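To start, the structure itself, in structure tokens.
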Amino acid sequence: MSALRSLDEDIQEVLFDEAALQRRVRELAAELERDYAGLRPLLVGMLRGSVYFLSDLSRALRIPHEIDFMAIAAYGTRHAATGAVRLLKDLDEEITDRHVVLVEDIVDTGLTAAYLTRLLRARRPASLVICTLLDKRVRRIAPNLPLAYVGFEVPDRFVVGYGLDYRQLYRNLPYIGVLRDELLSPGGPP
Ligand code: PRP
């Protein structure tokens with residue numbers, strides 16, 4: 001790989017450009033402002049993918065709120081049907097009696113969000129909802145996973161950018177696009 005190669009060259013199609021993403025983030029923030037006025041919600045971001053979305057959402061949100069982060073790792077293959085995961089980093093804040101908004105970049109199988117919902121609910125928050133930028137509904141395995149706030153529904157394609165990675169790259173793209181197929185092959189990417 002050339003050090004000067006642009007990551008943009010690896011994208012075959014842009015699904016949501018920067019303007020569309022920022023517009024949708026502002027709309028979601030407006031919904032949250034209405035729903036959480038006076039409640040000082042805690043936005044919980046899942047490392048690492050949600051960092052870009054969460055920081056833009058937080059900046060757009062003009063009501064008092066806090067942010068915190070969690071990190072988990074899957075046992076074995078990430079999409080193993082068990083959804084078994086290991087907690088790598090827990091919240092710094094107590095969430096009992098707090099209004100918690102779990103912020104995700106994408107809900108795919110839904111196993112991650114289902115696991116986190118169970119984990120956080122056990123701590124008796126005043127409320128707990130999921131806010132995801134992308135919903136890849138067609139791949140859902142977890143049953144009955146309510147998504148209170150959704151930015152966009154996405155088709156079953158390999159999307160990167162705005163937090164979403166392929167082998168830890170492409171997160172910094174300001175848009176969401178589909179990675180060129182040949183890069184997904186084993187000999188693949190950078
Ligand atoms: C992604 C994303 C969600 C999860 C969704 O995280 O940020 O947390 O996958 O997938 P699921 O609905 O099938 O469980 P990933 O494990 O890729 O880590 P990352 O956030 O560091 O990119």
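Remember, predicted model here, so these are calculated numbers, not experimental data. Each ligand, and each atom within it, is numbered from 1 in the order the structure gives. For the single chain, residues carry numbers from 1 onward in sequence order.
Looking at ligand 1, you won't find any N or O of S50 less than 3.5 Å from one of its N or O atoms. Between A113 and ligand 1, not a single N/O pair is under 3.5 Å apart. Remark: ligand 1 and G110 share an N or O pair separated by less than 3.5 Å (distance only, no angle test).
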Fill in: Derivation of the ring-ring contact (aromatic ring centres under 6.0 Å, His included) call for F152 and F16
CA-CA 9 Å; F152 302 98; F16 308 107; 4.0 Å; yes
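Environment of CZ in R124: sparse, with no more than 12 heavy atoms of neighbouring residues, nucleotides or ligands closer than 6.0 Å.
Put simply, the side chain of E13 never gets that close to the backbone of V178: no donor and acceptor are under 3.5 Å apart. Looking only at distances, a side-chain donor or acceptor of S55 sits under 3.5 Å from a matching main-chain atom of Y52. With hydrogens and angles ignored, the 3.5 Å screen pairs a side-chain donor or acceptor of R24 with a backbone N or O of G151.
The shortest separation from a heavy atom of R171 to ligand 1 is under 4.0 Å, placing the residue in contact.
With contacts defined as side-chain heavy-atom distances shorter than 4.5 Å, the pair V44/L116 does not qualify.
L133 and L57 fall within the same hydrophobic cluster, defined by Ile, Leu, Val, Met, Phe, Trp and Tyr side-chain heavy atoms under 4.5 Å apart, directly or through other members.
Of all the atoms in ligand 1, the ones that sit under 4.0 Å from a non-hydrogen atom of D165 are 22 (O). Those atoms of ligand 1 with a heavy atom of T109 less than 4.0 angstrom away are 11 (P), 12 (O), 13 (O), 14 (O). Less than 4.0 angstrom separates some heavy atom of L47 from each of these atoms of ligand 1: 20 (O), 21 (O).
Comparing E104, M70, M46, R48 against atom 3 (C) of ligand 1, the shortest heavy-atom distance belongs to E104.
When heavy-atom distances to ligand 1 are checked against a 4.0 Å cut-off, D108 comes that close through both its backbone and its side chain.
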